[in-house]
Amino acid sequence: MFRQLRAHMARRWPGTLVLAACQRAPRDPRPESGLDWIRLPPGDSLELDRELVGFMGGMFDCRAALFVGAQALAMVGAAGLGPRIAVLPRRPADEQGVDHVVVAKGKEWLAQIDQLLVRTVPVELFCRPDHSPQDVLQMLAAHPLGMRAHELVLNWQGVADERLGEILHLLRQRTRARVLVDLFLSELFDVPRAWLVPSVGDVFLHPRAWRQLAGFGGLLFRAPGNTRFQLSSDSPRAWVRAGVAAFNSSLALLGRGRP
Amino acid sequence: MNLLVVAIDGKGLGHLARTLSLARSLALVRTDVRTTFLVESPAFGMVQRSGFNYAKIPDPRHPLGLHALRGRRSEFETGVLERLFDTLTPDAVMFDFLVDKRLFLSLQRRNCRIVVVKRKLRARVAKQLAADSAAALVDAWLVPHDESEFKQGEIPERLLRRCHFSGPVVRGANLSRVAELRARYLGEGKKLVLVTAGGGGWPQAQRIVRRAHQAVASLLAKRPELRAVVVWGPLNPTGFPPEADGLRVLRDEPEMPELMAAADVIVSNAGYNTVGELLRSGTPGVVVPVTETGRDDQEERALAAQAQGRVVVSADEPAQIADRVAALFDGLGPGKVPPVPDDDPGKPGRVLSEILGT
């Protein structure tokens, strides 16, 4: 059941991160695109397992949780997860805590899971400035939802420039999706980086950085109404994180922040 | 004693391979230490195969985890690790390589020793590290080098006081397996070229493997006595070229030290573990360093290995790599010698044991 589901997710949901939580990981796991594992040390309490899975689900912005097999139902109580979908060989006597049950029999059960996921999982696209607007449309078309997507997350890996603007306008014309553009602080400025984070000197003393920031300001002003933005940074430094949070709050005040 | 090992690896295998070697060495000298790995890397099968207990946590650097975590990586790492510390109650935690003030303060409150494995860094990076307030909270830096590898003043004084030099920490080959590896990949009377660049997750490593692949493919066309194995790396997200006559393409070879000892020439990058394993294998090598800025200096490492007379350095140009490999087969450079035995496999373990105390 789990193996079939893994293969199905890789085939039908490219671009979606699937976290598989197991007590017993496969004997020789191979890195697979789209799949990552959680394996908790054996012998620990179920409460800790639930807490950790909930914490990780919350951090990873988990939009749906599939509980595969009867034993997995013990984890249904984990917080921070999206709709809970039990995938079982037969209908359980007790469906408490479960939002949907999919009986893994016949040919239709994987299609049923797709139907449930379509409602909650956004389409994620990873784009760079060397992608043309047509490239981005092709990426979207390759997704099972394609142009019918209701929510798009556009991970922009570069400077927020005219190219991003063109892509956003084309998406507005061709889809009805809400678009969230995720920008990464260290990629927003095409200037040399320091060790862990771009330092103030690296970024803000560089004239090109100011031009790029002004370009982002213009983009905010001209972007289609369905578009929202958020800034991200992996900096461990508190002042950088505080700055990013303040910037995102400002975006929200302008009506352009993450909903 | 309860030791947790936090090995941060998502693109390469270096941190994981090094800490596994350290844990194995420690197990030779201490039976009272229970070692548990906390792993992010998709290559956690390495720990699984080693028999150590482990927890696998999601990799915040997973290419598809970008949206969810690229703004919250440090929050995630400290949050999930703190929850695991609550349950696993470590007496000591060894990081390779994570320096995080919030996490370290939390460990101090638990009276837990903090050990960080610190391989040789570029001078600029070492200086930045020394200035980081989190670095002051580290109880001991385990440096997997001999002290003689450093110039006077190369390690900032602030770090040097707490440095413990273990000598190189490198996986050695199981010599009883070498003949089988050679038979698996090689016909009789043939010569074997091996291409490897560690985990293969870094774009620079991918470029080196791609170009070395082109180089050996062109060489095979001219030299029918050659066979080649190109290991693209278990973390390489790109597709691989198809196999050709005499050229095997692998994603991963768990017995890499043994395959290195079985080969006649190795083409590799200049990562810490790769160069260490290459030098120990006794097989001559063509080393192609990554020249872009990284935390460690691959060019310096490659040139140091060349000075030992066991490898030649090449730029990442297919023609130059092919020339260097051909020259080694023609006897114009270092030849194959028996693998270098590890005379004291417990040495790094003893250094770590001293750091941990009783």
Side-chain angles (χ1 to χ4, degrees), chain A residues 14-19 21-22 25-45 48 51-52 55-56 58-62 122 124 126 153-155 157 180 182 184-185 187 192-196 199 230-238 241 244-245 248, chain B residues 10 36 38-45 48-49 53-80 83-84 86-88 98-103 121-122 124-125 128-129 132 134 199 201 234-237 251-252 254 293 295:
Chain A
T16 299
L17 177 68
V18 179
L19 292 178
C22 306
R27 205 179 315 151
D28 190 13
R30 285 159 52 106
E32 292 174 48
S33 63
L35 182 75
D36 199 357
W37 298 90
I38 303 167
R39 188 263 192 176
L40 306 166
D44 294 318
S45 70
L48 173 80
E51 188 192 331
L52 275 170
F55 172 75
M56 293 182 204
M59 290 297 283
F60 277 86
D61 200 11
C62 174
E124 296 220 24
F126 296 87
V153 179
L154 189 71
N155 296 279
Q157 297 164 327
L180 175 68
D182 189 35
F184 202 47
L185 179 64
E187 291 164 349
R193 290 182 67 183
W195 173 40
L196 280 175
S199 71
Q230 75 170 5
L231 185 61
S232 302
S233 165
D234 62 351
S235 169
R237 294 175 200 280
R241 290 209 296 267
V244 168
N248 285 329
Chain B
T36 304
L38 308 183
V39 191
E40 290 177 346
S41 172
F44 64 103
Q48 222 171 21
R49 287 191 293 270
N53 194 17
Y54 72 98
K56 165 76 177 80
I57 56 179
D59 176 11
R61 291 162 192 82
H62 191 292
L64 296 183
L66 277 176
H67 163 61
L69 272 182
R70 68 184 193 165
R72 303 169 76 189
R73 276 178 197 156
S74 54
E75 196 187 332
F76 169 75
E77 270 166 353
T78 45
V80 73
R83 279 164 172 79
L84 285 164
D86 281 344
T87 309
L88 300 171
L98 179 66
V99 177
D100 183 303
K101 189 173 180 182
R102 195 179 118 189
L103 204 55
L121 302 169
R122 286 177 192 270
R124 183 177 67 95
V125 178
Q128 284 177 324
L129 181 63
D132 194 315
L235 305 176
N236 190 322
R251 173 183 284 277
D252 189 15
T293 303
R295 283 185 189 165

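Convention: sequence-line order gives letters A, B, ...; per-chain numbering from 1.
- Of the atoms belonging to A:I38, heavy atoms from both backbone and side chain fall under 4.5 Å from chain B.
- Counting only distance, with no hydrogens or angles, the side chain of A:R39 and the backbone of B:Y54 share a donor-acceptor pair below 3.5 Å.
- Note that OG1 of B:T87 is 6.5 Å distant from CG of A:L52, once rounded to the nearest 0.5 Å.
- A donor-acceptor contact shorter than 3.5 Å is absent between the side chain of A:D36 and the backbone of B:P58.
- What you find for A:M56 and B:V80 is that their closest heavy atoms are CE-CG2, 3.3 Å.
- B:D59 contributes atom CG, which lies 10.0 Å from atom CG of A:L19 (distance to the nearest 0.5 angstrom).
- The two residues B:F76 and A:F55 make their nearest non-hydrogen contact at O-CE2, 3.9 Å.
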